[in-house]
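The analysis underlying the following values was restricted to heavy atoms, covering all of them including side chains, and did not include hydrogens, waters or symmetry mates. Both ligands and their constituent atoms are indexed starting at 1 by order of listing.
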Amino acid sequence: MNDSIRFILNGEDIVLKEADPASTLLDFLRLKRRLTGTKEGCAEGDCGACTVLIGRLANGKLKYETVNACIRFVGSLHGTHVVTVEHLAARDGTLHPVQQAMVDCHGSQCGFCTPGFVMSLYGLWLTDETPSRATIEQALQGNLCRCTGYEPIVKAAEQVSATRPSSLFDPLERERSSIMARLWNLQTSDTLVLSLNERRGIVPATLEAFADLYAEEPTATIVAGATDVGLWVTKQMRELNPVIFINHLTELQGIEIGRDGFTIGAGVSYSQALSALSDEIPALGRLIARIGGQQVRNMGTIGGNIANGSPIGDTPPALIALGATLTLRTAGGRRAMPLQDYFLEYGKQDRQAGEFVESIFVPRPHEDSHFAVYKITKRRDEDISALCAAFHLVLDIDDTVLAIRLAFGGMAGIPKRATATEAALIEKPWTAETIAAARDALDEDFQPLTDWRATAAYRQLTAKNLLTRFLLETTGRPQELRRFALEEA
Ligand SMILES: Cc1cc2nc3c(=O)[nH]c(=O)nc-3n(C[C@H](O)[C@H](O)[C@H](O)COP(=O)(O)OP(=O)(O)OC[C@H]3O[C@@H](n4cnc5c(N)ncnc54)[C@H](O)[C@@H]3O)c2cc1C
Ligand code: FES
Ligand code: FES
C-alpha cells in the first residue's frame with residue numbers, strides 16, 4: 001500500500017498525501033492552486049464552465065479527454081496529466097490558436113463560459129484536424145453560454161481547423177514525449193490510499209485487488225466515472241467513506257467484438273462505446289451520442305449506467321431489448337443473468353454484498369431484425385429522458401412477428417420490458433390493426449408516474465405512439481409517418 005497519489009498539473013508534479021479523496025478537482029484547482037480560469041457554474045456536470053483536459057496513457061499512447069472538474073474527485077487522478085486553461089497561452093502571452101479564434105470570431109461576451117468552451121475546442125483540436133460541423137456541435141454539447149450564442153463559437157472552431165498552424169506551437173504536442181515518460185514513471189502495482197482524518201479513498205492496482213478490497217469492504221462506494229456519485233457530494237453534500245476508485249482499471253475497459261456479439265467491460269466510457277459500437281449497432285450509437293455532453297460521455301461508464309439502477313438511465317432499455325446478459329463478479333467468482341433480471345424494484349437490484357458489475361454481453365442483432373431506440377426529452381441535447389423506448393423486432397417471411405422485445409425507461413420504477421404488449425404482438429401480422437390492439441396492452445404493462453419531466457398521461461400516450469412510429473418506420477411508409485406525426489402534434 002502507498003499513501004499518496006501523484007499526477008501532473010499542467011507542468012508541475014503533484015503529490016497528494018493528505019486530502020479528502022472525494023473532494024473535487026475543481027475545488028483543488030480553484031481553492032488550493034488558485035487556478036481560477038476554471039469556473040464553477042452548475043457544479044453538476046451540465047454547463048461545462050469547469051472543463052479541463054485529462055491525459056492518460058492507454059495502449060502506449062497519451063490520450064487527452066475533456067472532463068467536468070466539478071464532479072471529478074481528486075482521488076481518481078493518480079497517473080494522469082491535468083491540463084487547465086492557464087496552460088494554453090505561450091509564456092510571452094501569445095494566445096493559443098484556439099483562444100485567438102474565439103477572439104477573432106467574437107466568441108465571448110461576459111466570458112464566464114469562455115474557458116470551458118476553449119478547453120472543449122482545444123480537446124477537439126487535439127483529436128480531429130478537420131472536424132465537421134456536426135462533430136464541432138457534438139464537442140460543444142456539454143458547454144452552455146448564456147450571452148454570446150453558439151454560432152460565433154462554432155465559427156471559431158471552423159476557423160482554427162482551417163488555419164491550423166504547426167503543432168510545434170501547441171504546448172501538449174511539444175511536451176508529449178516528456179509527459180509520457182513522466183506518466184509512465186507514475187504507474188504502480190501498489191494499491192494507493194488517499195486519506196484525510198477518517199476518510200479514505202482507495203485506488204486498487206488491479207481488478208483482482210479491487211475484487212478483494214470490495215469483499216472486505218462491501219459498504220464502500222464504488223466510483224467509476226463519478227457522473228452520478230459526483231452529484232451526491234456536490235448537490236446532496238453526502239460524505240462518502242470509504243470510496244474505491246475504479247476508473248483507471250484497464251481490465252474493465254475492454255470491448256471485444258465477436259461474431260456472436262459484443263462484450264463490454266463495465267468501465268467502458270460512453271465515448272469509447274460510441275466509437276466502437278456506432279457502426280455495429282447504429283441505433284445504439286445514436287442513443288449514446290445523446291447522453292449528457294462530451295465531458296459526461298468521456299467520464300460516465302456503461303457499468304455505472306446499469307449499476308445505479310436508475311429507472312431513467314438510457315442504456316438499460318436498449319441493452320434489454322437487445323437481449324444483453326450481465327456478468328457480476330466477486331472475489332470468489334462470477335455469475336451471469338439476463339440484464340432485465342438485475343432490476344428488481346425501484347432502488348433495488350439483484351446484487352449481493354461484495355459483488356460488482358464486471359461486463360455486459362450484447363448479442364449481435366440479426367441483420368434482418370429491426371432495432372430502434374427513441375429517447376424523449378424536453379431538449380434534444382444534454383437532457384435526461386422523460387421516457388426511453390427500445391424495440392427489437394424479427395419478422396417471419398410472411399411478415400408475422402417471430403420475436404419481439406419492447407423495453408422502456410421512465411415508465412416504471414425500473415427499466416422494464418412490456419411483456420403484455422409483446423404477448424399481444426407475437427405471431428401476429430405486423431400491421432396497423434395488430435399495433436392498435438397492442439397499444440391497449442401497454443396500459444396493462446405500465447402505470448407511469450407524473451413528475452417534472454412529464455405527466456403520466458404524456459408518457460403513456462407517447463409510449464403508444466412510439467409503437468405506431470416503429471411500425472411505420474419498419475414498413476417503410478414515410479408519408480404515413482409524416483401524417484401521423486402531424487396529427488399527433
Ligand atoms: C450532466 C449529466 C448528464 C447526464 N445525462 C445522462 C443521460 O442523458 N442519460 C443517462 O442515462 N444518464 C445521464 N447521466 C447520468 C450518468 O451519466 C450515468 O448514470 C452514468 O452512466 C453513471 O456512470 P458513472 O461511471 O459515472 O457512475 P458513477 O457515478 O461512478 O457510479 C454510479 C453508481 O454505480 C455504482 N457503480 C459504478 N460502477 C460500478 C460497477 N462496475 N459495479 C458496481 N457498481 C458500480 C456506483 O457505486 C454508484 O452507485 C448524466 C449525468 C450528468 C452529470
Ligand atoms: S460547473 Fe457546470 S459542468 Fe462543472
Ligand atoms: S459569454 Fe457570457 S455565458 Fe457565455
Side-chain angles (χ1 to χ4, degrees), residues 24-26 38-52 67-73 76 102 106-117 141-150 152-153 207 210 214 220-235 240 243-247 249 252 265-270 273 287-293 295-318 326-329 349 351 355-360 375 377 379 381-385 388 409-410 415:
T24 66
L25 172 58
L26 182 64
T38 309
K39 305 294 181 208
E40 177 163 18
C42 63
E44 60 180 55
D46 261 317
C47 75
C50 64
T51 304
V52 297
V67 304
N68 296 120
C70 67
I71 50 171
R72 177 85 189 222
F73 295 134
S76 72
M102 284 286 275
H106 306 285
S108 177
Q109 285 188 23
C110 80
F112 193 81
C113 69
T114 308
F117 271 100
Q141 262 173 334
N143 292 81
L144 301 182
C145 174
R146 282 292 157 262
C147 10
T148 307
Y150 299 96
I153 300 172
L207 183 58
F210 164 44
Y214 197 42
T221 302
I222 296 174
V223 179
T227 60
D228 279 331
V229 179
L231 278 67
W232 301 354
V233 172
T234 61
K235 294 287 145 171
L240 309 175
V243 293
I244 303 180
F245 295 103
I246 63 167
N247 60 306
L249 291 177
L252 289 177
V268 165
S269 68
Y270 295 129
L287 171 76
I288 295 175
R290 286 189 57 203
I291 293 182
Q295 300 89 326
V296 165
R297 288 193 293 274
N298 291 338
M299 298 168 73
T301 63
I302 302 288
N305 204 224
I306 293 168
N308 69 11
S310 165
I312 47 171
D314 279 326
T315 60
L326 187 68
T327 297
L328 297 172
R329 175 162 174 186
Q349 297 87 43
R351 190 150 68 89
E355 258 183 341
F356 61 89
V357 176
E358 183 176 52
S359 65
I360 179 136
K375 170 167 170 152
T377 50
R379 285 190 311 234
D381 287 334
E382 265 255 69
D383 205 357
I384 304 283
S385 295
C388 185

Atom 37 (C) of ligand 1 sits nearest the protein heavy atom Gly304 CA, 3.7 Å
Ligand 1 atoms nearer than 4.0 angstrom to some heavy atom of Ala224 are 25 (O), 30 (O), 37 (C), 38 (N)
If we number the atoms of ligand 1 from 1 as shown, the ones under 4.0 Å from a heavy atom of Arg351 are 43 (C), 44 (N)
(message) With the threshold set at under 4.0 angstrom, would you say Phe73 reaches ligand 1 through any of its heavy atoms?
(response) no
Interatomic distance, CG@Asn308 vs CG@Asp228, rounded to 0.5 Å, equals 4.5 Å
In this structure, atom 51 (C) of ligand 1 is nearest to the protein heavy atom Thr227 O, 3.7 Å
Within the 2.8 Å cut-off the protein N, O or S neighbours of atom 4 (Fe) of ligand 2 are Cys50 SG, Cys70 SG
Checklist entry - Quick check: does any side chain N or O of Asn143 sit under 3.5 Å from a backbone N or O of Gly48, one acting as donor and the other as acceptor? => result yes
What one should report as the nearest heavy-atom pair of Ala224 and Thr301 is CB-OG1, 3.7 Å
The side chain to side chain contact (heavy atoms under 4.5 Å, CB included) partner of Pro316 among Asn305, Ile302, Leu326, Ile360 is Asn305
shortest atom 2 (Fe) of ligand 3-to-protein heavy-atom contact is with Cys147 SG, 2.2 Å
Ligand 1 atoms nearer than 4.0 angstrom to some heavy atom of Trp232 are 48 (C), 49 (O)
- Query: Taking NZ, NE, NH1 and NH2 as the nitrogens, is one of them in Asp314 or Lys375 under 4.0 Å from a carboxylate oxygen of the other?
  - Reply: yes
- prompt: Backbone or side chain, does any N or O of Asp314 fall under 3.5 Å from an N or O of ligand 1?
  reply: yes
Exercise. Below 3.5 angstrom, do we get any N/O pair linking Glu355 and ligand 1?
Worked result: no
Per-atom filter on ligand 1: closer than 4.0 angstrom to a heavy atom of Glu382 are 1 (C)
For Thr148, the atoms of ligand 3 under 4.0 Å from one of its heavy atoms are 1 (S)
Per-atom filter on ligand 1: closer than 4.0 angstrom to a heavy atom of Gly313 are 11 (O)
Atom 1 (C) of ligand 1 sits nearest the protein heavy atom Gly45 O, 3.1 Å
Are side-chain heavy atoms of Val223 and Ile246 found at a separation under 4.5 Å?
no
Atom 2 (Fe) of ligand 3 to nearest N/O/S of Cys110 below 2.8 Å = yes
A student checking ligand 1 against Phe356 at a 4.0 Å heavy-atom cut-off should list atoms 42 (N), 43 (C)
What one should report as the nearest heavy-atom pair of Ile153 and Cys145 is CD1-CB, 4.5 Å
d(Asn68 CG, Cys50 SG) to nearest 0.5 Å is 4.5 Å
Here the gap from Glu358 atom CD to Phe210 atom CZ, rounded to the nearest 0.5 Å, amounts to 9.5 Å
So the atoms of ligand 1 within less than 4.0 Å of a heavy atom of Lys375 turn out to be 7 (C), 8 (O), 9 (N)
When distances are taken from atom 33 (C) of ligand 1, the protein heavy atom at minimum range is Asn308 CB, 3.7 Å
*Side chains of Asn247 and Arg72: closer than 4.5 Å at any heavy-atom pair?*
yes
Restricting to heavy atoms, the pick from Ser269, Ser76, Gly225, Gly293 nearest atom 24 (P) of ligand 1 would be Gly225
Atom 12 (N) of ligand 1 sits nearest the protein heavy atom Asn305 ND2, 3.8 Å
Counting only nitrogen or oxygen atoms and a 3.5 angstrom limit, does Ala226 reach ligand 1?
yes
For Ser310 and ligand 1, answer yes if some heavy atom of the residue is under 4.0 Å from a ligand atom, otherwise no. no
Ligand 3 to Arg146, heavy atom cutoff 4.0 Å, flagged ligand atoms 3 (S), 4 (Fe)
| field | Cys70 side chain near Thr24 side chain, heavy-atom distance below 4.5 Å | value | no
If we only count N/O pairs under 3.5 Å, is Val223 in contact with ligand 1?
no
In this structure, OH of Tyr270 is separated from CE of Met299 (nearest 0.5 Å) by 11.5 Å
Please verify whether a non-hydrogen atom of Asp383 lies at under 4.0 Å from ligand 1. yes
Checking heavy-atom distances from atom 40 (C) of ligand 1 to each of Ile71, Val357, Leu287, the winner is Val357
Note: ligand 3 atoms sitting under 4.0 Å from heavy atoms of Gly111 are 1 (S), 2 (Fe)
- Message: Side chains of Leu207 and Phe356, heavy atoms from C-beta outward: is any pair under 4.5 Å?
- Response: yes
The atoms of ligand 1 lying under 4.0 Å from a heavy atom of Ala266, numbered in the order shown, are 41 (N)
Note: heavy atom closest to atom 2 (C) of ligand 1, options Thr221, Val296, Asp381, Ile384, belongs to Val296
The closest protein heavy-atom partner of atom 25 (O) of ligand 1 is Thr301 OG1, 2.6 Å
Nearest heavy-atom approach of Ala49 to Gly41 is CB-N, 4.1 Å
Heavy-atom proximity to atom 5 (N) of ligand 1, picking from Cys388, Gly292, Ala220, points to Gly292
If you define the side chain from C-beta out and look only at heavy atoms, does anything of Gln141 sit under 4.5 Å from Arg297?
yes
Heavy-atom proximity to atom 4 (Fe) of ligand 3 ranks first, among Cys113, Pro152, Gly149, for Cys113
Test side chain to side chain contact (heavy atoms under 4.5 Å, CB included), reference Ser359, set Thr327, Val268, Leu328, output is Thr327
Check: Tell me, do Thr315 and Ile291 make a side-chain contact under 4.5 Å, heavy atoms counted?
Finding: yes
Rounded to the nearest 0.5 angstrom, the CE-OG1 distance for Met102 and Thr114 is 5.0 Å
Query raised in the report: Would you say the side-chain atoms of Tyr150 pair up with the backbone N or O of Leu144, donor to acceptor, closer than 3.5 Å?
Result: no
min-distance protein heavy atom vs atom 45 (C) of ligand 1 -> Ala307 CB, 3.4 Å
Review point. So, do Phe117 and Thr51 sit near enough that their side-chain heavy atoms are less than 4.5 Å apart?
Key: no
Is Glu382 close to Asp46 at the side-chain level, that is, under 4.5 Å between some pair of heavy atoms?
yes
for atom 47 (O) of ligand 1, nearest protein heavy atom and its distance come out as Ile222 O, 2.7 Å
Interatomic distance, CD1@Ile71 vs SG@Cys42, rounded to 0.5 Å, equals 8.0 Å
